[in-house]
K.L.:
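Here it is, the structure in full.
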Protein chains: 2
Amino acid sequence: MLIETDTSVSWRHEQDWGGQQPNHFVGATSTFTGTSRPLTLYEAGEEIFGPASRGQALFQVAFGVARVCSVLNDGRRTITAFHLPGEIFGFEPAGSPFRAEAVEGLGLRMLPLPRDRSLAGELQQVALSRLAAAQEHLLVVGRQTAIERIAAFLIDMGRRQKRSDVIDLPMPRCDIADYLALTPETVCRVFKQLRERHLIDFTSARRVTVRSQGALQALID
Amino acid sequence: MLIETDTSVSWRHEQDWGGQQPNHFVGATSTFTGTSRPLTLYEAGEEIFGPASRGQALFQVAFGVARVCSVLNDGRRTITAFHLPGEIFGFEPAGSPFRAEAVEGLGLRMLPLPRDRSLAGELQQVALSRLAAAQEHLLVVGRQTAIERIAAFLIDMGRRQKRSDVIDLPMPRCDIADYLALTPETVCRVFKQLRERHLIDFTSARRVTVRSQGALQALID
DNA sequence: CGGGAGATTGAGCCCCGTCAAAAACAGTGG
DNA sequence: CCACTGTTTTTGACGGGGCTCAATCTCCCG
């Protein structure tokens, strides 16, 4: 499962990816980006870690998207965060009920931790920014309307993709719904409403064109 | 504002507390509890830190309760966390939009951080547990019903107070509401409902007796 | 062309928010 | 001890935003 050489690749479930490693996103610049570690690949829906398995490593997205979620025993689910190329995740402490999964085809680089699990300075900052992100998301999920949540989501995705005009939504509607604490139906209806107001357009179900960034921003402040 | 000697106390807004430092809660045991640092006192509603002022220190609650919250410009508010005696908070990075305030009369001990803001091993674990708590709270706020949120809140408060039978609620209903992403009215109505079902009783508005811990627990799993 | 997953749309309803008022409570001063 | 005042809590009536259930449509991919 872990890989030895620099160029090797571990194929989980020995599936062929056809050689293409999608590169829709611009990786965030970070001191970790350069380190050319071996890739571990996951197919859509595959588990990266679960409540039981919590490794000694963090994960950096090379390509694709990962989701971190937790589920109630009756199936209700919350997606805590999506992680896009360049981003580092996996700070959830052992024993916490979270799972991480590949949303779509995903390549990860492992960042091993020291034996005592202590985080170096820069990783510590990343961990604290995850805390801030989770807390800010509480405000969105707890106190904003459906249209405000979608607007905030689009703006956030645009910012993280460094494209505010054309935004990829590389996850199904139900994942967006579970991230924003809505239903897939409501996500659809709000998208439709934004389209009818000429704030956005869809070139496909997974790709949005932002027509009026200002009006979108105005929805959330 | 900061204090020098071990026994001195800085009275913010030179208010007299009548000598009593309420001790309703059992402080969490931690290596930090013993360190007898000077207390800083806050009166109800007073700001501990805001988006602009983010110190080089963490805070440990000596007595009272603190809340961390963020507010939209139209007044909608979310309380991210309450902090009870013994608990350490203040990990929010500089520039994040959070405020911390005293819910009621509050005594804090400052834990200064090194110049580079790095966290020692144990503090790092606390920070990561804050991340896990925020993420678990996302599931509560996003996917659970009003009655489930209240039940989860009561159970959590009982656990943190190390009393599962009689639980103090040292904050007003509107704070509970903003913590659970409800309205004060709904909080009231759910309490009433739980009382009518004989799961809880109120000796006063701020003190609950749990009649059936099992039935309460059953509401959330 | 057929099959299946995801996306979209519609109809109806319910939980919880809104608005308003009453009641309980805590101080404060007489 | 009690009247007075402001705050918090509680209760009621009502409406709406988003959920549920179900059908249809679109898009892949074989």
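Letters A, B, ... are given to chains in the order of the sequence lines, protein chains preceding strands, and every chain is numbered from 1.
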K.L.:
Please give, in whole Å, the distance from C:dG10 C1' to A:Lys192 NZ?
P.N.:
9 Å

K.L.:
Identify, with sequence neighbours excluded, every residue that meets ring pair (Phe, Tyr, Trp, His ring centres under 6.0 Å) alongside A:Phe82.
P.N.:
A:Tyr179

K.L.:
For the residue pair B:Gln135 and A:Glu92, confirm or rule out a side-chain donor-acceptor distance under 3.5 Å.
P.N.:
yes

K.L.:
From CZ of B:Arg207 over to C1' of D:dT8, roughly how many Å is that when rounded to an integer?
P.N.:
18 Å

K.L.:
Could you tell me the separation between the CE atom of B:Met171 and the C1' atom of D:dT7, rounded to a whole number of Å?
P.N.:
18 Å

K.L.:
Is there side-chain contact between B:Phe63 and B:Leu106, with heavy atoms separated by less than 4.5 Å?
P.N.:
no

K.L.:
Taking B:Arg160 first and then B:Glu87, would you say they form a salt bridge - that is, a charged N and a carboxylate O separated by under 4.0 Å?
P.N.:
yes

K.L.:
Identify whether the distance between the nearest side-chain nitrogen and carboxylate oxygen of A:Asp175 and A:Arg67 falls below 4.0 Å.
P.N.:
yes

K.L.:
Expressed as a whole number of angstroms, how long is the span from B:Glu148:CD to C:dC16:C1'?
P.N.:
14 Å

K.L.:
Do any N or O atoms from the side chain of A:Arg143 and from the backbone of B:Thr78 form a donor-acceptor pair under 3.5 angstrom?
P.N.:
no

K.L.:
Could you give the CD1-to-C1' distance, from B:Ile200 to D:dT10, as a whole number of Å?
P.N.:
14 Å

K.L.:
I'd like to compare against my own output: the B/S/- annotation of nucleotides 17-30 of chain D with a strict under-4.0 Å heavy-atom distance to protein.
P.N.:
-SSBBB--------

K.L.:
Given the rule in the salt bridge (charged side-chain N to carboxylate O under 4.0 Å, His left out) test, do B:Arg211 and B:Asp201 qualify, once you have shown the distances and angles that lead to the verdict?
P.N.:
CA-CA 7 Å; B:Arg211 291 246 165 279; B:Asp201 258 336; 2.9 Å; yes

K.L.:
Axis-to-axis angle across the helix from C:dC1-D:dG30 to C:dG30-D:dC1, five pairs an end, to 10 degrees?
P.N.:
40°

K.L.:
Can you measure B:Asp74 atom CG to C:dG17 atom C1' for me and round it to whole angstrom units?
P.N.:
14 Å

K.L.:
Within the structure shown, what part of the strands sits under 4.0 Å from A:Arg206 by heavy-atom distance: base, sugar-phosphate, or nothing?
P.N.:
sugar-phosphate

K.L.:
Rounding to a whole Å, what distance do you find between B:Arg173:CZ and C:dA24:P?
P.N.:
15 Å

K.L.:
Over how many whole Å does the gap from B:Phe191 atom CZ to C:dC16 atom P extend?
P.N.:
15 Å

K.L.:
Using the rule side-chain contact (heavy atoms from CB on, under 4.5 Å), only one of A:Val103, A:Val68, A:Leu108, A:Val65 pairs with A:His83; which is it?
P.N.:
A:Val68

K.L.:
Give a yes or no on whether the backbone of B:Thr183 and the side-chain of B:Arg173 come within a donor-acceptor separation of less than 3.5 Å.
P.N.:
no

